[in-house]
Q: 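My questions will all concern the structure given below.
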Amino acid sequence: MVIRAAEENGTFIPHFCYHKKLSIAANCRMCLVDIEKAPKPMPACATPVTQGMIVRTKSEKAVKAQQSVMEFLLINHPLDCPICDQGGECQLQDLAVGYGGSASRYKEEKRVVFHKEVGPLISMEEMSRCIQCTRCVRFGQEIAGVMELGMAHRGEHSEITTFVGRSVDSELSGNMIDICPVGALTSKPFRYSARTWELSRRKSVSPHDATGANLIVQVKNGKVMRVVPLENEDVNECWIADRDRFSYEALNSDARLTKPMIKQGGQWAEVEWTVALEYVAHGLKCIAKEQGANTIGALATEHSTVEELFLLSQLVRGLGSDNVDTRLRQADFTTGAGARWLGLPIAELSTLDRALVVGSFLRKDHPLFASRLRQAAKRGAQITAIGGANDDWLMPLSQRVTVAPSAWAQALADVAAAVAAERGVTAPAAGSTTDAAKAIAASLLSGQNKAILLGNAAAQHPQASSLQALAQWIGEQTGAKVGFLSESANTVGAQLVGAQPQQGGLNAGQMLAGKGLKAIVLLGVEPEFDTANPSAAMAAVQGADMVVSLSSFKTSANDYADVILPIAPFSETSGTFVNAEGRVQSFHGVVKPLGDTRPAWKVLRVLGTMLGLEGFAYETSEEVKARALGDLAALPAKLNNATSAAINLSASTGGLQRLADVPIYSADALVRRAPSLQATADGKAPVASLPQALWAELGLAEGAQVKVSQDGANGAVSAVLPAVQDASLPANVVRVPAGHPATATLGASFGTVRVEKA
């Protein structure tokens with residue numbers, strides 16, 4: 001189109017409705033240009049370029065046309081720039097200076113559009129400002145995959161609205177605020193809190209999922225006020241997920257911990273840093289001396305930076321222990337060496353011809369990966385899935401197998417058998433060639449660019465190594481790349497810096513099962529929310545003699561910790577994350593640490609020095625990064641999804657199985673404390689989803705509650721939850737989310753459950 005050609009040649013054509021990532025609407029007419037031999041001005045966004053075409057963007061004819069359009073746009077536009085949140089970064093305001101008149105010829109009353117209530121994230125209070133560019137409508141349909149906004153009525157009565165008073169619930173909805181060229185859609189949490197020209201803009205990286213979305217964090221008076229995307233075509237394009245955008249609320253919340261605390265006689269006392277660190281160093285030395293270094297263990301969250309994880313590993317190993325791990329939700333630790341990664345560049349997800357996704361709650365686990373796969377599906381890619389629930393991914397799936405978690409390995413073995421039959425080779429495991437398996441196999445055997453992607457639930461599965469081995473075999477036979485959608489911001493980084501047992505130490509599963517640990521160091525971990533088996537994890541930390549918690553927030557660590565050290569969240573420290581594709585992205589702190597908070601890498605450095613350990617004399621986080629990651633050019637060789645694990649299809653199938661997804665706004669400490677995210681539909685308290693047969697058997701009616709029980713570390717554990725019926729669930733599966741206070745008393749994520757009427 002002419003507008004694109006002009007852009008590439010550095011010529012600016014004014015526009016409102018055109019956006020390079022959205023379809024062409026040509027309904028604002030601001031981009032009218034003068035094309036030789038055309039009788040009237042033509043819209044540059046909807047006019048294809050032809051050989052020898054002569055386009056004038058600044059001729060009298062073009063400028064007059066653009067000025068006329070601007071006059072029309074301003075007839076009804078309210079003159080409320082002084083109170084508009086968009087003032088200072090508004091396309092209409094900018095272009096009105098260049099193309100608008102100094103006075104209006106219209107004396108009629110301006111039209112008023114009543115505000116709409118669409119949820120806690122987007123404000124539609126000022127819809128009189130809307131110029132009907134329909135960018136938000138097209139974004140919902142084309143990028144987010146669900147048309148939540150639409151245009152009602154005609155002519156001057158047209159307005160953008162949700163239908164039948166619904167709220168906007170997409171996990172990407174905040175991008176509508178960015179692409180609105182006027183102040184019609186604004187950010188509800190940010191509204192009226194600052195002027196755009198008062199904000200300083202600083203680059204950062206999202207600390208949530210494995211996309212590693214690039215951010216611009218906007219700061220005023222040493223406080224984070226707003227987060228918007230920084231465009232990076234290879235990573236997040238120009239979008240970010242709502243959790244990247246709104247989780248900053250937690251950074252300024254009352255839940256922040258600002259002083260080191262020590263428990264004395266059952267009471268918490270605030271102390272100075274030197275006192276707290278001496279207490280920790282003395283305690284660790286004593287336990288290492290009296291009970292042996294192998295009774296000391298450290299657990300860290302994969303939302304921690306490369307520098308923090310490296311120093312924590314060095315600290316534990318310096319004391320003579322190898323008990324350090326970050327794989328808190330994992331159940332199977334027999335997978336091969338090497339860092340497990342996406343297996344292909346993130347940008348390639350948009351261009352795949354075939355993709356098989358195994359064990360993933362795709363939209364909620366990886367909103368931006370889901371968006372890229374949606375773009376691939378729109379181009380004709382065949383997406384197939386094996387999983388435990390029929391969540392709507394908002395994209396066409398050519399085949400979906402929904403079975404109980406214990407049958408995932410068998411379902412993948414069936415696909416392998418179908419591939420083997422088609423290629424005339426021996427299958428790696430016994431499988432039956434069902435119609436669904438044949439369809440998935442046929443899909444993977446066709447097409448050029450293809451991938452098998454293992455989701456969070458597949459990596460956390462008790463048979464994760466078998467799923468990986470089967471995926472590897474199918475990949476080899478079909479030419480598909482095999483990769484992991486990786487759970488957290490630094491899952492790959494944690495593996496690269498060795499924040500996992502290297503010489504036979506205890507893994508996270510063993511440490512959290514209470515295998516004789518006397519001292520536990522927790523880096524950003526909340527055992528009741530972040531682990532595969534919360535009830536066993538809580539028993540393990542309560543059974544230790546000394547628990548040191550490094551946390552940014554006041555947590556229930558008050559119950560089990562002996563020392564709590566306040567560490568800086570991502571906005572207050574410098575550090576590095578390695579995303580799913582193995583891209584190393586460093587960032588700086590954007591504001592000063594709050595109160596007496598300190599960056600975790602500095603805390604660990606001082607602790608290492610106090611313990612008299614070698615190799616803790618670092619001045620900057622860059623020095624730690626250089627030591628931790630070594631030569632960055634050699635990193636790609638360390639990314640390796642190959643496994644030599646044996647395939648084991650036998651799984652316990654007795655009783656009801658639990659399917660535990662981690663809701664999108666329960667996935668880490670920041671989102672759990674962001675009030676606006678918690679007020680969304682995705683932030684609602686979890687419910688127990690039951691299959692039809694069980695619902696009927698228990699004689700439940702709408703609004704009923706059920707008691708879900710599991711075998712815990714010390715006898716049975718249970719939770720009472722509202723029940724809903726989900727006809728898509730397999731007959732022996734009950735879906736009970738993890739990572740939330742309502743289910744924190746339960747046991748294993750993939751365990752057997754009992755359900756009774758409450």
Side-chain angles (χ1 to χ4, degrees), residues 207-208 247-263 268-273 275-277 279-280 283-284 297-305 307-309 311-312 315-316 324-326 328-329 488-490 494 499 508 511-512 519-531 534 537-538 540-542 544 546-573 575 589 591 593-607 666-674 739-741 744:
H208 302 295
S247 63
Y248 74 86
E249 287 185 298
L251 303 171
N252 310 322
S253 72
D254 297 340
R256 283 291 303 276
L257 186 71
T258 54
K259 283 282 240 186
M261 297 170 83
I262 294 181
K263 193 187 274 179
W268 283 102
E270 290 186 351
V271 294
E272 291 304 312
W273 268 104
V275 177
L277 291 170
Y279 180 92
V280 173
L284 291 175
L299 293 162
T301 157
E302 290 172 345
H303 301 282
S304 309
T305 65
E307 292 80 357
E308 292 162 5
L309 295 173
L311 289 174
L312 181 69
L315 185 83
V316 174
V324 59
D325 209 346
T326 59
L328 307 174
R329 294 193 198 277
S488 309
N490 207 18
M511 285 191 258
L512 291 166
I520 301 179
V521 179
L522 300 174
L523 175 58
V525 177
E526 300 179 70
E528 66 276 37
F529 301 137
D530 294 331
T531 54
M538 291 301 285
V541 291
Q542 282 160 348
M546 178 178 180
V547 177
V548 181
S549 173
L550 287 82
S551 175
S552 305
F553 299 99
K554 298 167 187 158
T555 67
S556 55
N558 297 3
D559 305 337
Y560 50 77
D562 299 288
V563 193
I564 306 181
L565 305 176
I567 57 166
F570 84 104
S571 57
E572 298 168 15
T573 179
V591 291
L594 191 68
D596 273 351
T597 306
R598 295 286 178 272
W601 71 267
K602 290 188 175 178
V603 175
L604 292 164
R605 177 193 67 182
V606 175
L607 205 47
S666 301
D668 61 69
L670 278 177
V671 291
R672 288 195 278 261
R673 292 171 177 82
H740 192 280

Q: Taking all non-hydrogen atoms of both residues into account, name the closest pair between D530 and G524 and its distance.
A: OD2-O, 4.0 Å
Q: Just jot down the side-chain contact (heavy atoms from CB on, under 4.5 Å) partners of A537, sequence neighbours excluded, or say none.
A: L512, P527, T531
Q: Can you name the closest pair of heavy atoms from V271 and A276 and give their distance?
A: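 Smallest heavy-atom distance, with atoms named: CG2-CB, 3.9 Å.
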Q: With a 4.0 Å cut-off, would you call E528 and R672 a salt bridge?
A: no
Q: Any side-chain to backbone donor/acceptor pair from S552 onto I567? Under 3.5 Å, distance only.
A: yes
Q: With a 4.5 Å heavy-atom cut-off, do R256 and P569 have their side chains touching?
A: yes
Q: Among all residues two or more places apart in sequence or in another chain, which pass the side-chain contact (heavy atoms from CB on, under 4.5 Å) test with R598?
A: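 Only W273, D596, V603 meet the side-chain contact (heavy atoms from CB on, under 4.5 Å) criterion with R598.
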Q: I need the R329 CZ to S488 OG distance, nearest 0.5 Å.
A: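 Here the rounded value is 8.0 Å.
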Q: Distance from E270 atom CD to T258 atom OG1, nearest 0.5 Å?
A: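 Interatomic distance, E270 CD to T258 OG1, rounded to 0.5 Å: 6.5 Å.
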Q: Please tell me if the side chains of K263 and V547 come closer than 4.5 Å, counting only heavy atoms from C-beta onward.
A: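 No, too far: nothing below the 4.5 Å cut-off.
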Q: How close do T326 and E302 get, counting heavy atoms only, and between which atoms?
A: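 In this case the closest contact between T326 and E302 is OG1-OE2, 3.1 Å.
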Q: Would you check if I520 and Y560 make a side-chain contact, meaning some heavy-atom pair closer than 4.5 Å?
A: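 Contact flag for I520/Y560 side chains = no.
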Q: Search all heavy atoms of D668 against all heavy atoms of H208 and return the closest pair with its distance.
A: OD2-ND1, 2.8 Å
Q: For D254 versus K554, what's the shortest heavy-atom pair and its separation?
A: O-NZ, 3.2 Å
Q: Report the residues that fulfil side-chain contact (heavy atoms from CB on, under 4.5 Å) with T573, sequence neighbours left out, ordered by chain and then residue number.
A: E308, A568, P599, W601
